[in-house]
Amino acid sequence: MKKDIVIPKSENVLMAAVSEWSDDFMEKVWNVYLINDSDFDLDGVMVVSKAFGTVDGEMKKSSMLRHAFEKIPSVSAAKVEMIEKSLLKLNNEFMVTYFIGKTLYDRKFIFRAGSVNDNATQEIPVLFVDGVLLS
């Protein structure tokens with residue numbers, strides 16, 4: 001029976017952390033984007049995020065946040081959330097679930113502790129700005 005279960009591979013759906021100016025905080029902050037670099041629209045998108053890890057020998061974790069998007073068109077991006085500065089010391093995990101047609105896909109993206117920084121940036125597809133990319 002297990003051999004009959006088909007788990008589709010998520011392709012051309014990426015996550016990126018981009019450093020952008022925030023008028024609210026009057027400084028640069030890291031915003032996370034979900035990027036659809038495929039030829040298909042993503043429907044019923046759900047993103048669940050959390051941060052976890054050890055700081056100074058003590059286990060830390062953040063609240064779990066949930067974001068829903070009705071549709072993310074092909075070759076586009078959607079801003080998911082801002083990563084608060086103190087959470088950059090932790091692993092930031094994003095579970096993404098979406099439909100293409102009637103097929104359900106899911107994927108886990110993890111920005112490892114300390115990996116979101118200005119030295120780790122590259123050009124992000126679709127957005128054409130520098131950021132930290134997970135593919």
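- In plain terms, the two heavy atoms of Ser115 and Ala120 that are nearest each other are O-CB, 3.6 Å.
- Residues Val116 and Ser19 are not in side-chain contact: their nearest non-hydrogen atoms beyond the backbone lie 4.5 Å or more apart.
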In residues 28-40, what donor-acceptor pairs under 3.5 Å come from side-chain atoms, sequence neighbours left out?
{"unit_1": "Asn31", "atom_1": "ND2", "unit_2": "Glu20", "atom_2": "OE1", "d": "2.6"}
{"unit_1": "Tyr33", "atom_1": "OH", "unit_2": "Glu20", "atom_2": "OE1", "d": "3.0"}
{"unit_1": "Tyr33", "atom_1": "OH", "unit_2": "Glu20", "atom_2": "OE2", "d": "2.8"}
{"unit_1": "Asn36", "atom_1": "OD1", "unit_2": "Ser38", "atom_2": "N", "d": "3.1"}
{"unit_1": "Asn36", "atom_1": "OD1", "unit_2": "Ser38", "atom_2": "OG", "d": "2.6"}
{"unit_1": "Asn36", "atom_1": "ND2", "unit_2": "Phe40", "atom_2": "O", "d": "2.8"}
{"unit_1": "Asn36", "atom_1": "ND2", "unit_2": "Ile72", "atom_2": "O", "d": "3.2"}
{"unit_1": "Asn36", "atom_1": "ND2", "unit_2": "Pro73", "atom_2": "O", "d": "3.1"}
{"unit_1": "Ser38", "atom_1": "OG", "unit_2": "Phe40", "atom_2": "N", "d": "3.2"}
{"unit_1": "Ser38", "atom_1": "OG", "unit_2": "Phe40", "atom_2": "O", "d": "3.1"}

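- Using a 4.5 Å cut-off between side-chain heavy atoms of Ile, Leu, Val, Met, Phe, Trp and Tyr, with links allowed through other members, Val96 and Ile83 fall into the same hydrophobic cluster.
- Remark: Ser86 engages Glu84 in a side chain to side chain donor-acceptor pair (under 3.5 Å) (not counting sequence neighbours).
- For residues 66-76, the salt bridge (charged side-chain N to carboxylate O under 4.0 Å, His left out) pairs, not counting sequence neighbours, are Asp41-Lys71.
- For Phe69 against Lys79, the heavy-atom pair with the smallest separation is CZ-O, 3.6 Å.
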For residues 97-114, which side-chain donor-acceptor pairs fall under 3.5 Å, sequence neighbours excluded?
{"unit_1": "Tyr98", "atom_1": "OH", "unit_2": "Ser10", "atom_2": "OG", "d": "2.5"}
{"unit_1": "Arg107", "atom_1": "NH1", "unit_2": "Val13", "atom_2": "O", "d": "3.0"}
{"unit_1": "Arg107", "atom_1": "NH2", "unit_2": "Ser135", "atom_2": "O", "d": "2.6"}

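- When hydrophobic side chains of Ile, Leu, Val, Met, Phe, Trp and Tyr are connected at separations under 4.5 Å, Trp21 ends up clustered with Met26.
- Transitive grouping of hydrophobic side chains (ILVMFWY, heavy atoms separated by less than 4.5 Å) brings Leu87 and Val80 into a common cluster.
- Contact between Val45 and Leu42 at its shortest, heavy atoms only, is CG2-CB, 3.7 Å.
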Contacts table for residues 46-56: side-chain donor-acceptor under 3.5 angstrom, sequence neighbours left out:
{"unit_1": "Ser49", "atom_1": "OG", "unit_2": "Glu81", "atom_2": "OE1", "d": "2.8"}
{"unit_1": "Ser49", "atom_1": "OG", "unit_2": "Glu81", "atom_2": "OE2", "d": "3.3"}

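- Side-chain contact between Leu90 and Ser62 is absent, with no heavy-atom pair separated by less than 4.5 Å.
- Rounding to the nearest 0.5 Å gives a distance of 6.5 Å between CD of Glu93 and CE of Met95.
- Leu134 and Leu14 fall into different hydrophobic clusters, where Ile, Leu, Val, Met, Phe, Trp and Tyr side chains are chained together by heavy-atom contacts under 4.5 Å.
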